[in-house]
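Chain naming here is simple, since letters A, B, ... match the order of the sequence lines and numbering starts at 1 in each. Owing to the predicted nature of the structure, the values given are computational and were not obtained by experimental measurement.
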Amino acid sequence: MEHQFSVIEPKWQKKWEEQHAFEAKNDYTLPKYYALVEFPYPSGQGLHIGHPRPYTALDVVSRHKRMQGYNVLFPMGWDAFGLPTENYAIKNKIHPAKVTEQNIARFKKQLQMLGLSFDWSREVDTSDPSYYKWTQWIFLQLYKHGLAYKKEMAVNFCTSCKVVLANEEVVNGVCERCGSEVIRKVKSQWMLKITEYAQRLIDDLEGLDFIERVKTQEINWIGRSEGALVHFKATTGDDLCVFTTRPDTLFGATYMVISPEHELLETWKDKLTNYEEAVAYRTEAGKKSDFERTELAKEKTGVRLQGVAAINPVNGQQIPIFISDYVLASYGTGAIMAVPAHDTRDWEFAKKFGLPIVEVVAGGDVMNEAFTDTESGKMVNSGFLNGLEVAEAKQEIIRWLAEKGLGEKKINYKLRDWVCSRQRYWGEPVPMVYCEHCGWQPIDESELPLLLPDVEAYEPTDTGESPLSKVTDWVNTTCPKCGGPAKRETDTMPNWAGSSWYFLRYCDPKNPDALASREALNYWMPVDWYNGGMEHVTLHLLYSRFWAKFLYDIDILACKEPYKKRTAHGMILGENGEKMSKSKGNVINPDEIVSQFGADTLRLYEMFIGDFEKSAPWSPSSIRGCKRFLERVAVLADMAKGRGVTPQLEKSFHCTIRKVTQDIADMKFNTAIAALMSLLNDIMDAKTLTVDELQTYVLLLCPFAPHLCEEIWEQSGGEGLASLANWPTYDEAKTVENMPEIPVQVNGKLRAVLRMPATASKEEMADLAKADERVAAALEGKQLVKEVVIPGKLVNLVVK
RNA sequence: GCGCCUGUGGCGGAACUGGCAGACGCGCUAGACUUAGGAUCUAGUAUCUGUGAUGUGCAGGUUCGAUUCCUGUCAGGCGCACCA
């Protein structure tokens, strides 16, 4: 038969839809499998050639699991709220709601042409009121449990998007989305206390089947460090508390630094003889964007505070205090003790300001560089710590500090609370009301969803206020507590809110009474395999794990972790090996590829292109090889005759079934396909094939190229859909070669490859090897020292 | 600077717990069939001063045997980045 993909593909897509072939069953007694891919935001550009790669991969997994008898949930939806959609709407002057609708329609059509086995009956859309009702509901629960709070604070503000960004959204000091400058602005924001979950977000990674780089990236982002709080006293009597990971070096603290924003600067206003100078420095530092701060990182700056000093609690020594922007207000206590001998940054600062450098750990040359090693070296110049190892000294000093009430052990995290409000239109309204008398009040749950009002002007404002603030009849409301006049919160939530729980909604997407029923959640959760991009590890993945843990705490969810297994796909690069982008002119359009080669070929190629986890360049000639392969498969359909087993192919079949089964589970799609190609070559060499074997072959290939396989399955008299047929099984005994080829080495160098019985003993193998003339020639005149024989594997003869 | 990952033909990439390096595909070469071939089929395809030797970024080490393990080093990618 001919591979007429343009006829076959729509035919089977229609049949699958008509027969509801891929809809997950609500029978909770069946073994389940929940496969998940990150839902896309429906951008105006439509599907990118990179999208089908992860989608096809988990489609293969889902199809495979379905054929193995699992009740599979493989859903899809739309991350429709948020900046990308809104920015597109503004640019094209179409209302975001309209844009979303159009883009979803286009995206869906493109996904469907790929033959992905999504359960479309469970489609979710984060911008749909029946969905965001529950996003708002979760926010209210967070608020009620003290995990959502409003706070005036310095935040990252994108000058182009005119919106506040989470720390996770600032990359290299610029906006992750638009690349514009990010400045620091003091604004009142809704915050979520993700920091309260920091330790659990680290601890619970253990035992999860996440690829290692995902785990380490999450752990690094959370940034746990163990140390101590140490209370210094200022000459004014004020307490000056610092966090340090090196309390052992306390004797070496020769000065202190507080961040420019530190409150003590104001407290000391009257005592400082150079207050003006310090304030000028603070103003200057405040003007710098984060990007500039990092740019200037090399050169340390600061101002010595004249008129006050600090007292080192361990030796009573007076030491100067500086303000400098190398100390961050938002980490630790916003103040440090500086130990120039054993900290690189302090060393640089001390050199610049001519401050003393006192060695307290021996082993380095502290006059020339800071000695930061904690593994070796003994304490010196440190009073009662002298002679101890660093690790011992740490424990000893903490004990001493605690005893005197001067300090304690402390764990710090780099992770900050999540800034969860945006001054934008296209998002979930934050369901809070501000009353002059009662302060912030949550709206009643019965009022959910709090609908996003329809507006004419949705552009962000220059004042940094949300466009919603202009909708006065919506803003003005009554206080849920006292009934008096009150105003609604006009900020909306970031897109990370809706995407933090979408995988729960899939379990029970139409439920009007709960985010999902307890039964559905208990059955489907956790997700068995979740695949997504590395770019979401510190954003979506972390946020959604946090929400899941919170929902676990309030008894909505039965599992502590939402995802059992997490993998990440590599990118598809342009032909030139660079990232695809319009400006580089190396973008490949999936619509064109499908019309030219067919969906099956595209799917197969994207799985065959290389290691799933690694990036790989697009190759127009390689995809032709995949098309050629499918055409050859179509030829098999005409070749197959009779029933039963072809003896010379039996072993190949059993081996291939084993290989494909294992490779799909191990995410090694490229070698699974290679094995199928190899089997095809074997069949072509044998020039004979039975109908039974053809059908086995087709089922193995079905997850990768489902349309063609359905067609051959039907034409060869297969019952029902190939996509729902039983996955072929193999007999381990039939994969074994009884006369394997054994490599024979002399001194580790290959001399011959001989066929030997698999059951041969070590002695027999050695004898067979020595009998070969090439081996004998290599042994000639040498003395045999050792015989290394691995039964069924190899012979190595060691001679002198 | 710190952390993680990757270096294998002309290209994408294979190689199980250390055991025939280069599976599979692309490309290329030759031939067949063709009016034609950027279609299809067949054969070949790591390198070399070629009966043999050398080859998995580079230099060492462990081993009967190393792409695989260890040490050092170079190159590329990703993440974090003044986090005390």
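Near-neighbour residues of RNA chain B inside residues 627-635 of chain A, defined by a heavy atom below 4.0 Å, number-ordered: Arg628(A), Arg632(A). Contacts of residues 655-671 of chain A with RNA chain B (heavy atom under 4.0 Å): Lys668(A), Asn670(A), Thr671(A). Listed by residue number, the members of residues 217-230 of chain A with any heavy atom below 4.0 angstrom from RNA chain B are Gln217(A), Asn220(A), Trp221(A), Ser225(A).
Paired regions of RNA chain B, where each region holds three or more successive Watson-Crick or G-U pairs whose two hydrogen-bonding distances fall under 3.5 Å, are B:1-7 with B:74-80, B:10-12 with B:24-26, B:27-32 with B:40-45, B:46-48 with B:52-54, B:57-61 with B:69-73.
Glycosidic conformation at G9(B) (O4'-C1'-N9-C4 for purines, O4'-C1'-N1-C2 for pyrimidines): syn, within 90° of 0.
In this view, Lys410(A) satisfies the salt bridge (Lys or Arg N to Asp or Glu O under 4.0 Å) rule with no residue, not counting sequence neighbours. Scanning for salt bridge (Lys or Arg N to Asp or Glu O under 4.0 Å) contacts around Arg304(A) gives an empty result, with sequence neighbours left out. In this structure, the side-chain contact (heavy atoms from CB on, under 4.5 Å) partners of Ile742(A), at least two apart in sequence or on a different chain, are Pro740(A), Met756(A), Met765(A), Val795(A).
Spacing of P atoms, G9(B) relative to G13(B), comes out at 12 Å, to the nearest Å. Remark: the separation of the C1' atoms in A46(B) and A15(B) is 16 Å, to the nearest Å.
For residues 662-688 of chain A, the set of pairs meeting the ring-ring contact (aromatic ring centres under 6.0 Å, His included) definition, not counting sequence neighbours, comprises Phe612(A)-Phe669(A).
A donor N or O paired with an acceptor N or O is not found under 3.5 Å between the base of C5(B) and the side-chain atoms of Lys614(A).
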Measure all distances between protein nitrogen or oxygen atoms and nitrogen or oxygen atoms of nucleotides 48-50 of chain B, and list the pairs falling under 3.5 Å.
none

Under 3.5 Å, which N/O atoms of the protein pair with N/O atoms of nucleotides 63-68 of chain B?
from   : atom 1 : to        : atom 2 : distance (Å)
C64(B) : O2'    : Asn796(A) : ND2    : 3.4
C64(B) : O2     : Asn796(A) : ND2    : 2.4

Review item, side-chain donor-acceptor pairs of residues 214-224 of chain A, under 3.5 Å, at least two apart:
from      : atom 1 : to        : atom 2 : distance (Å)
Lys215(A) : NZ     : Leu205(A) : O      : 3.2
Lys215(A) : NZ     : Leu208(A) : O      : 3.0
Thr216(A) : OG1    : Glu212(A) : O      : 3.2
Thr216(A) : OG1    : Arg213(A) : O      : 3.2
Glu218(A) : OE1    : Arg545(A) : NH1    : 2.4
Asn220(A) : ND2    : Thr216(A) : O      : 3.4
Trp221(A) : NE1    : Glu168(A) : OE2    : 3.1
Arg224(A) : NH1    : Gln199(A) : OE1    : 2.6
Arg224(A) : NH2    : Glu226(A) : OE2    : 2.7

Side-chain donor/acceptor pairs under 3.5 Å, residues 240-252 of chain A, sequence neighbours excluded:
from      : atom 1 : to        : atom 2 : distance (Å)
Thr244(A) : OG1    : Arg246(A) : N      : 2.9
Arg246(A) : NE     : Asp248(A) : OD1    : 3.3
Arg246(A) : NE     : Asp248(A) : OD2    : 3.2
Arg246(A) : NH2    : Asp248(A) : OD2    : 2.9
Thr249(A) : OG1    : Arg246(A) : O      : 2.8

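Checking A84(B), A23(B), G27(B) against the side-chain heavy atoms of Ala674(A) singles out A23(B) as nearest.
The residue among Lys749(A) and Asp343(A) whose nearest nucleotide of RNA chain B is located toward the 5' end is Lys749(A).
Between the CD1 atom of Ile321(A) and the P atom of A84(B) there is a distance of 21 Å, rounded to whole Å.
Nucleic acid contact for Asn412(A): none, since no nucleic acid atom lies under 4.0 Å from a heavy atom of the residue.
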